[in-house]
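All remarks here apply to the structure that follows.
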Amino acid sequence: MTQLSEHEIIRRQTLTELEQLGINPYPAETFEINDTSKQIAELYQQNTAAYDGKTISIAGRIMSKRIMGSASFAVLQDSQGRIQLYISRDELCPAEDKTFYNTVFKKLIDLGDFVGITGYVFRTKTGEISIHVQSLRLLSKSLKPLPVVKEKEGELFDAVTDPELRYRQRYVDLNINPASKEVFIKRTKLVNSIREYLNAKEYLEVETPILQPIYGGAAARPFKTHHNTLDMPLYLRIANELYLKRLIVGGFDGVYEFSKDFRNEGMDRTHNPEFTQMELYVAYKDYYWMMDLVEEMVEKVAIDVNGTTEVQVGQHVINFKRPWKRYTMFEAIKEYTGVDISEMDEAQLRLTAHDLKVTIDHTMGKGKIIDEIFGEHVEPKLIQPTFITDYPLEMSPLAKKHRNRPGLVERFEAICNAKELCNSFSELNDPIDQRKRFEEQVELGKRGDEEAMVLDEDFLRALEYGMPPTAGLGIGIDRLSMIMTNSHSIQDVLFFPQMKPERFD
RNA sequence: GACCUCGUAGCUCAGCUGGUAGAGCAUAACACUUUUAAUGUUGGGGCCCUGGGUUCGAGUCCCAGCGGGGUCACCA
């Protein structure tokens with residue numbers, strides 16, 4: 001343990017003093033609550049009479065104290081917000097003995113302590129809805145001082161903005177930064193919104209393994225672990241695609257999963273080693289159908305989370321109202337570079353890339369070069385939600401070949417705020433083609449591509465039994481949350497983002 | 001991985017061309033019966049991220065490390 005600060009020493013002393021006065025700083029008995037700060041503020045605002053003669057009982061942390069002799073004001077923060085307390089000595093201590101007010105309340109109750117209070121609602125001279133306290137009970141003592149953030153007319157003073165403190169000690173951040181709390185409430189609304197939408201269509205929410213003997217479904221480096229009893233390596237999943245498709249083979253028409261996936265790669269403001277995806281597979285559908293679904297679902301999410309289809313994101317206002325623009329990848333490149341590459345061979349593509357100042361190397365094939373041109377010249381310009389369709393075959397080993405465009409697959413991504421929002425295709429259900437594509441991946445792996453896919457015999461066996469035509473979708477929940485909450489960094493939408501260990505010396 | 005940048009009291013931050021540590025809030029004591037960034041008076045509180053170096057002297061300059069943030073690269 002680190003050395004105690006002056007504040008911490010003093011708070012430990014007050015613990016002893018409380019005990020000497022017969023007050024348990026961590027009582028076990030339940031304190032019954034019958035209201036919240038938010039409800040009181042809203043209801044009293046509308047109808048003062050609603051609280052006539054009513055004794056309310058709420059609990060939370062003391063966030064500030066203003067003592068003026070034998071009367072005091074304090075601010076109580078509960079899960080819903082804050083409300084002012086008015087405490088008068090002679091009401092808290094009607095008898096001769098004023099110890100509870102003079103000593104316990106004034107000196108031994110600190111900022112951050114949890115208290116339960118009863119009293120009645122009124123409005124102060126200055127018009128603030130407050131609680132006239134009749135009884136106060138310590139529910140839990142705080143031994144470390146929370147940072148004190150003050151506020152006047154919406155302006156914050158001494159707000160804690162240090163990202164390190166906010167991410168490492170999220171419990172502190174949530175207590176003192178209401179905006180931070182709001183982000184996480186919105187994230188949950190977003191997840192609920194998607195779930196409602198998919199449940200209404202009667203798709204089945206399922207769970208599939210996180211520990212997998214063979215990882216698959218995406219191009220990424222996995223985390224490896226080991227099972228002791230079986231004495232075998234296991235991988236943390238990088239995607240759940242292959243398991244969900246097995247369920248479509250098994251006869252479900254629509255399955256989805258919110259899944260934590262793990263990728264052992266670089267970290268930056270849009271990548272955390274563990275992240276959440278929602279993957280959906282629907283039988284007898286194709287990627288065109290899935291585009292309609294994504295538009296409808298994300299539009300609903302925007303409304304459920306923010307009440308409108310328009311969301312402020314950085315400098316832009318992004319509008320999720322349907323319909324979204326749709327381009328094939330070739331059309332998009334032509335639109336933003338003026339060059340039509342749809343008929344080019346690899347040599348011509350290399351020249352074009354050079355002309356467009358896109359850096360490429362010799363290991364890149366046709367598909368990769370196209371992807372580089374797109375990534376350099378198109379993606380950064382796509383702010384409003386836009387579908388890009390029909391990707392090069394080489395980049396998409398799990399997608400079905402395009403019905404009438406050779407060399408391409410039936411795949412789309414939705415791009416928004418210059419970032420991929422989701423990825424979807426008409427799923428490859430031809431087991432012979434799938435085996436070939438896996439084998440090509442294995443070749444890439446042998447040549448040193450650490451992200452190449454691994455051949456999954458059991459998955460191929462499943463396809464050989466037959467999988468109906470299926471549309472699949474993966475949508476990044478963290479990225480969508482970032483957009484819907486105007487968050488600059490993925491760390492702002494994860495309660496506990498991954499960080500290097502803190503040192504406690 | 002490369003480069004840039006930051007690390008000083010519980011919190012927010014000053015600290016000059018190197019001269020021995022400052023403010024506001026918080027905290028402690030006193031006063032105050034409708035305050036609201038409450039106020040007034042008086043105190044206490046620092047391994048200046050860590051370790052080396054230069055120097056008579058380092059919070060400050062140099063090197064290395066640790067941690068955070070950013071840009072780029074890698075990567076979906």
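Note: hydrogens, waters and symmetry copies are ignored here, and every other heavy atom, side chains too, is used. Proteins get letters first, then strands, A, B, ... in listed order; numbering begins at 1 in each.
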With no hydrogens and no angle check, do the side chains of Gln212(A) and Arg237(A) hold a donor and an acceptor under 3.5 Å apart?
-> no
Tyr327(A) and Asp390(A): side-chain donor and acceptor closer than 3.5 Å?
-> no
Below 3.5 Å between N/O atoms, which protein atoms pair up with nucleotides 3-7 of chain B? Just atom names and distances, please.
none

Taking only N and O in the side chain of [X], is any of them less than 4.0 Å away from OP1 or OP2 of [N]?
| X | N | result |
| --- | --- | --- |
| Arg66(A) | U35(B) | no |
| Arg89(A) | U33(B) | no |
| Ser70(A) | U33(B) | yes |

Please classify the nucleic acid contact of [X] as base, sugar-phosphate, or nothing, using heavy-atom distances under 4.0 Å.
| X | answer |
| --- | --- |
| Glu155(A) | nothing |
| Lys125(A) | base |
| Ala159(A) | sugar-phosphate |
| Met499(A) | sugar-phosphate |
| Gln84(A) | base |
| Glu420(A) | base |
| Ser88(A) | nothing |
| Asn423(A) | nothing |

Complement of [N], any strand, by Watson-Crick or G-U distances under 3.5 angstrom:
| N | answer |
| --- | --- |
| A28(B) | U42(B) |
| C72(B) | G1(B) |
| G67(B) | C6(B) |
| U34(B) | none |

Parallel, tilted or perpendicular: which describes the rings of Trp324(A) and Phe387(A), with under 30° parallel and over 60° perpendicular?
-> parallel
Which nucleotide in the list C11(B), U33(B), A37(B) gets nearest to the side chain of Phe157(A)?
->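 For the Phe157(A) side chain, the nearest candidate turns out to be A37(B).
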Go through U33(B), U34(B), G69(B) for me and flag the one nearest to the Phe122(A) side chain.
-> U34(B)
Write down the distance between NZ (Lys500(A)) and C1' (G68(B)), rounded to a whole number of angstrom.
-> 10 Å
Interatomic distance where CD1 belongs to Ile9(A) and C1' belongs to A9(B) [whole Å] = 14 Å
Regarding [X] and [Y], does a basic nitrogen lie under 4.0 Å from an acidic carboxylate oxygen?
| X | Y | answer |
| --- | --- | --- |
| Asp433(A) | Arg437(A) | yes |
| Glu295(A) | Arg326(A) | yes |
| Asp78(A) | Arg61(A) | no |
| Glu128(A) | Arg123(A) | no |
| Glu427(A) | Lys245(A) | yes |
| Lys65(A) | Asp110(A) | no |
| Lys436(A) | Glu440(A) | no |

Does the ring centre of His377(A) sit less than 6.0 Å away from the ring centre of Tyr336(A)?
->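 So the answer is no for these two rings.
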Report all interatomic pairs (protein N or O, nucleotide N or O of nucleotides 70-74 of chain B) with separations under 3.5 Å.
none

Cation over ring face, Lys400(A) and Tyr287(A), 6.0 Å, 45° =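 Ring-cation test returns no.
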Ring-face cation contact, Phe425(A) with Arg411(A), 6.0 Å cut, 45° max =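 No, a cation-pi geometry is absent between Arg411(A) and Phe425(A).
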Nucleotide N/O to protein N/O under 3.5 Å, stretch nucleotides 26-28 of chain B:
residue : atom : partner   : partner atom : Å
A26(B)  : OP1  : Lys150(A) : NZ           : 3.0
A26(B)  : N3   : His7(A)   : NE2          : 3.2
U27(B)  : O4'  : His7(A)   : NE2          : 3.4

Can you find a donor-acceptor pair, distance only, under 3.5 Å between Glu128(A) side chain and U34(B) base?
-> no
Taking the nucleotide of RNA chain B with the closest heavy atom to each, which residue, Thr124(A) or Val149(A), is nearer the 5' end?
-> Val149(A)
